[in-house]
Amino acid sequence: SFLFFYLPVKRAVVLLVMILTGYALTSTWLFQSHQMILYPALILIPVMVTALSSTGWLLHKNALERALTREMFSKYLSPGFVDHVLEKTGGNIQNRTVEGTVMFLDLKDFSHLVQTVSHSELIRILNRYLGSFSDIIIKNKGHIDKIIGDGIMAVWGVPQSSDNHARDACKAALEILAHLFRVNEETMGGEELILDIRIGINSGMMTAGNVSGKMYSDFTVHGAEVN
C-alpha cells in the first residue's frame, strides 16, 4: 500500500481501483467456493487510509513545488511568463518555432572597466546598472534569457505568444536609455564612473525550447534572427 506515496495521483487512483476490484473478485470467489468471508476491514481500511494520506501528501507536495517554482522564477521572469509555464504547460515547455523579439545589451568599454576597478566595485556597478535594466525588461513583459558578464540577452513573445513583442522590446530599450541618462546625470561631477551601453534588437522567427543535459536545463532561443 505504500506504493501510493511514490506514484502520481492518477496512477494512485488507478491502483486503488485495481485493489478494490481484486478484493471484490477474491471475496466473491472465496465465499462461493469455500464459504469463507473475507472481512472488508482487514484490507479496505489500511488501503483506503494509505491511499487518502498519500494523495493528500502528493497534492501538498505538488502545490509546494509550484509555489517554490513561481517564487524562484519570478525573480528573473515576468509574472505572465511564470504563470504561462506553470498553468498552461505544466512546466514542460516543448521546442517550437515562434515569432519573437530578442534584445542584446552590454556596457561599452567593459574590458577597460574591469582593469580599473576592484572586484567588489565591479559587482556593485553591474548590480546597479544590469539590475535596473533587468527590472525594466521584466516590467515590459520580457524575460531575461541570460546575463553574461556585462551583457543581457532578453526575449519577448516566448514562450507566451504576443502580437506586441517588438513594441514591448523597443519600449523597454527606450526606458533603459532614459534610466541610464538619469543615472549618469546624477553621477556627473562625482567619483562614480559614467557608463554607456549598446543595445541591439531584432524580430523574426526563432526556435524556442529547452537545451538540457542530465544535470542542467536552460530555456532559450536559437536561429538566424537571434544570431
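On a predicted model such as this, the values are computed, not experimentally measured, just so you know.
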Set of residues satisfying side chain to side chain donor-acceptor pair (under 3.5 Å) with respect to Asn184, sequence neighbours excluded: Tyr129
Here the gap from Met153 atom CE to Ile147 atom CD1, rounded to the nearest 0.5 Å, amounts to 12.5 Å
List in chain and number order the residues that pass side chain to side chain contact (heavy atoms under 4.5 Å, CB included) with Asp135, two or more places apart in sequence or in another chain; answer none if no residue qualifies. none
Side-chain atoms of residues 166-182: list all donor-acceptor pairs with protein atoms under 3.5 Å, sequence neighbours left out, distances to 0.1 Å.
unit_1: Lys171; atom_1: NZ; unit_2: Asn140; atom_2: OD1; d: 3.0
unit_1: Lys171; atom_1: NZ; unit_2: Glu175; atom_2: OE2; d: 2.7
unit_1: Glu175; atom_1: OE1; unit_2: Lys139; atom_2: NZ; d: 2.9
unit_1: Glu175; atom_1: OE1; unit_2: Asn140; atom_2: ND2; d: 3.2
unit_1: His179; atom_1: NE2; unit_2: Ser132; atom_2: OG; d: 3.4

Under the rule for salt bridge (Lys or Arg N to Asp or Glu O under 4.0 Å), what residues qualify as partners of Lys108, not counting sequence neighbours? Asp196
What donor-acceptor contacts under 3.5 angstrom involve side-chain atoms of residues 219-227, with partners at least two apart or in another chain?
unit_1: Thr220; atom_1: OG1; unit_2: Asp145; atom_2: OD1; d: 3.2
unit_1: Thr220; atom_1: OG1; unit_2: Asp145; atom_2: OD2; d: 2.8
unit_1: Thr220; atom_1: OG1; unit_2: Lys146; atom_2: NZ; d: 3.3
unit_1: Glu225; atom_1: OE1; unit_2: Asn202; atom_2: ND2; d: 2.9

List the residues meeting salt bridge (Lys or Arg N to Asp or Glu O under 4.0 Å) with Arg124, not counting sequence neighbours, and say none if there are none. Glu121, Glu192
Non-hydrogen atoms of Ile152 and Ser134 that approach each other most closely: CD1-OG, 3.7 Å
In chain order, what residues pass the side chain to side chain donor-acceptor pair (under 3.5 Å) check against Ser111, with sequence neighbours excluded? none
Applying side chain to side chain contact (heavy atoms under 4.5 Å, CB included), name anything that partners Leu122, two or more places apart in sequence or on another chain. Phe110, Leu113, Val114, Val117, Leu126
Suppose we screen for side chain to side chain contact (heavy atoms under 4.5 Å, CB included). Which residues come up paired with Thr97, at least two apart in sequence or across chains? Met205, Thr207
Check: Leu105 and Leu130 side chains under 4.5 Å, non-hydrogen atoms: yes
If the condition is salt bridge (Lys or Arg N to Asp or Glu O under 4.0 Å), which residues does Asp109 pass it with, not counting sequence neighbours? none
Pairing residues for Ser120 by the side chain to side chain donor-acceptor pair (under 3.5 Å) criterion, not counting sequence neighbours: Ser118
Would you confirm whether His143, through its side chain, and Val158, through its main-chain N or O, come within 3.5 Å as a donor-acceptor pair? yes
Stepwise, does the side chain to side chain contact (heavy atoms under 4.5 Å, CB included) test hold for Val183 with Arg128? CA-CA 9 Å; Val183 171; Arg128 182 184 186 188; 3.4 Å; yes
Please name all residues satisfying salt bridge (Lys or Arg N to Asp or Glu O under 4.0 Å) with Asp163, sequence neighbours left out, ordered by chain then number. none
